[in-house]
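In what follows, a single structure is set out as structure tokens and then discussed.
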Amino acid sequence: MSLPETNKFILNEWSGFANTAHSLKETKAPNQIGTTVINRIFQSRVIDLQFRITDRDVQSLFNLRREVISKLNPVLKQGKLIWQQNDGTTFQINVELENVQMPGGDARGRNFQAVQVSFLASDPRWFDIEATEINLPIDSNYSVVNSGDTKTFCEIEILGPIVNPRIMNMTSGNEIKINKELLAGEKVKISTEFGNKNISFINELGQNRRAMNILDLDSNLFYLERGDNSLRCEGANTTAETDFKIKFYNRYLGV
């Protein structure tokens, strides 16, 4: 979801970019003085934009307005809002269009139209434009740094040959183990995203199938903790072709 890159769009006001609203979940035991905070629940984010579209005459303005309506189309479902700051630093966030208005009166003229847009981000965290991708060594600990404000899910790719590969997060104490022999050219892809956890097996021909059954029952599809994560990759019968890769985005509570 992107608008044409012209000087016919003038951003006037914006809100909802900074800190994320949250609430505390508490519990209280009999005879306890006060309460115990057991969780922090983050709310979805509402982002409001107000901009003006301008063009040389009424018909050109109508054409431009039609283009805005086409781009800000709720039928397209989730999109990405990209925010570039004055120093060139760029962030993105997944959003749904909640509301768009093109008011009349003083907000509209022969060659201009004010537009008010509200987006809803069910996950309120901003994240980097480019993912961090790292090749991990085998049989040694490697420090992976999540420099965001919160833990973040990751995608892991394991390339054979290897027997019963596993990757351990020594920081959190969790591990992912695959009960399968991967031949040369075969891959396993792992996603630890909440609501979208998945294990895929890709054969040497590139054919992909879901394969949750090869995940060891004692595994935990872990997130990367905030800060340093000490990861260790292991498996039997490896060669120089064997490879572990991890991919993730740093995520931020506000920009």
Side-chain angles (χ1 to χ4, degrees), residues 76-80 82 90-94 122-123 125-148 150-252:
L76 299 177
K77 299 183 179 179
Q78 189 179 84
K80 281 187 172 61
I82 297 174
T90 308
F91 303 94
Q92 60 183 331
I93 191 169
N94 294 324
S122 55
D123 183 337
R125 296 172 297 175
W126 296 84
F127 55 100
D128 293 334
I129 289 291
E130 299 291 338
T132 300
E133 298 188 51
I134 301 171
N135 287 80
L136 300 172
I138 300 173
D139 295 331
S140 62
N141 290 11
Y142 188 88
S143 177
V144 173
V145 178
N146 166 20
S147 60
T150 72
K151 63 184 181 180
T152 185
F153 68 86
C154 56
E155 297 177 6
I156 299 165
E157 180 180 289
I158 306 171
L159 175 65
I162 190 170
V163 176
N164 297 338
R166 65 174 180 165
I167 178 169
M168 296 166 283
N169 189 330
M170 313 299 286
T171 301
S172 66
N174 296 314
E175 76 170 27
I176 299 169
K177 182 180 178 182
I178 301 298
N179 293 327
K180 184 174 178 60
E181 177 181 3
L182 301 180
L183 303 178
E186 295 181 334
K187 295 179 184 178
V188 166
K189 289 188 175 182
I190 303 163
S191 172
T192 71
E193 180 181 5
F194 180 82
N196 195 32
K197 297 181 188 292
N198 190 45
I199 308 289
S200 296
F201 170 74
I202 301 99
N203 65 20
E204 70 279 3
L205 299 177
Q207 297 168 327
N208 188 323
R209 65 176 175 85
R210 195 166 190 261
M212 292 297 292
N213 60 304
I214 66 176
L215 180 68
D216 189 90
L217 294 179
D218 291 329
S219 294
N220 186 312
L221 297 182
F222 59 73
Y223 280 38
L224 294 178
E225 301 296 321
R226 181 173 178 266
D228 180 78
N229 292 259
S230 179
L231 302 185
R232 184 178 180 87
C233 302
E234 295 180 352
N237 300 344
T238 62
T239 71
E241 298 178 17
T242 308
D243 191 34
F244 285 78
K245 293 181 181 177
I246 189 167
K247 173 182 174 181
F248 65 94
Y249 290 91
N250 298 307
R251 297 179 184 274
Y252 310 98

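- Closest approach of K247 and E133 over heavy atoms only: CG-CG, 3.8 Å.
- By the 4.5 Å heavy-atom criterion applied to side chains, F194 and D123 are not counted as neighbours.
- For F127, the ring pair (Phe, Tyr, Trp, His ring centres under 6.0 Å) partners at least two apart in sequence or on another chain are Y249.
- The salt bridge (charged side-chain N to carboxylate O under 4.0 Å, His left out) search around D243 returns none, not counting sequence neighbours.
- For residues 193-214, no pair satisfies salt bridge (charged side-chain N to carboxylate O under 4.0 Å, His left out), with sequence neighbours left out.
- For the pairing with S147, the side chain to side chain donor-acceptor pair (under 3.5 Å) check across T152, N250, T132 returns one residue only, N250.
- A 4.5 Å side-chain heavy-atom check between N196 and F153 finds every atom pair outside the cut-off.
- Between the CG atom of D139 and the SG atom of C233 there is a distance of 9.0 Å, given to the nearest 0.5 Å.
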Discussion item. Using side chain to side chain contact (heavy atoms under 4.5 Å, CB included), reason through M168 and L231 one step at a time and then give a plain yes or no.
Written reply: CA-CA 6 Å; M168 296 166 283; L231 302 185; over 6 Å; no
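- The CD1 atom of I167 lies 10.5 Å from the CD1 atom of I138; values are rounded to the nearest 0.5 Å.
- Between N229 and E225, the side chains place no donor N or O within less than 3.5 Å of an acceptor N or O (distance only, hydrogens not considered).
- Taking CD1 from I162 and OG1 from T238, the interatomic distance works out to 6.0 Å, rounded to the nearest 0.5 Å.
- Sorted by first and then second residue, the salt bridge (charged side-chain N to carboxylate O under 4.0 Å, His left out) pairs with a member in residues 153-176 read E157-K187, E157-K189, R166-E175, R166-E234; sequence neighbours excluded.
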Practice prompt. Apply side chain to side chain contact (heavy atoms under 4.5 Å, CB included) to I176 and T192, showing your working.
Written response: CA-CA 10 Å; I176 299 169; T192 71; 4.2 Å; yes
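- With rounding to the nearest 0.5 Å, the separation of CG in N135 from CD1 in I246 is 11.0 Å.
- The two residues E241 and A184 come nearest to each other via the heavy atoms OE1-CB, 3.7 Å.
- Applying the ring pair (Phe, Tyr, Trp, His ring centres under 6.0 Å) rule to Y252 yields the partners F91; only residues at least two apart in sequence or on another chain are considered.
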Worksheet item: Between L182 and F201, is a side chain to side chain contact (heavy atoms under 4.5 Å, CB included) present by the stated rule, with each step listed?
Response: CA-CA 9 Å; L182 301 180; F201 170 74; 3.8 Å; yes
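- Nearest heavy-atom pair, V145 versus F248, reported as atom, atom and distance to 0.1 Å: O-CZ, 3.5 Å.
- Taking all atoms of both residues into account, the shortest heavy-atom contact from G148 to N146 is N-OD1, 3.0 Å.
- Rounded to the nearest 0.5 angstrom, W126 CH2 and I82 CD1 are separated by 10.0 Å.
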Which atom pairs, one a donor and one an acceptor, fall under 3.5 Å between side chains of residues 214-222 and the rest of the protein, sequence neighbours left out?
unit_1 : atom_1 : unit_2 : atom_2 : d
D216   : OD1    : N179   : ND2    : 2.9
D216   : OD2    : D218   : N      : 2.9
S219   : OG     : K177   : N      : 2.9
S219   : OG     : K177   : O      : 3.3
S219   : OG     : D216   : O      : 3.1

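- Here the closest heavy-atom approach between residue V188 and residue I190 is recorded as CG1-CG1, 3.9 Å.
- Residues T239 and P161 come closest through the heavy atom pair OG1-CG, 3.3 Å.
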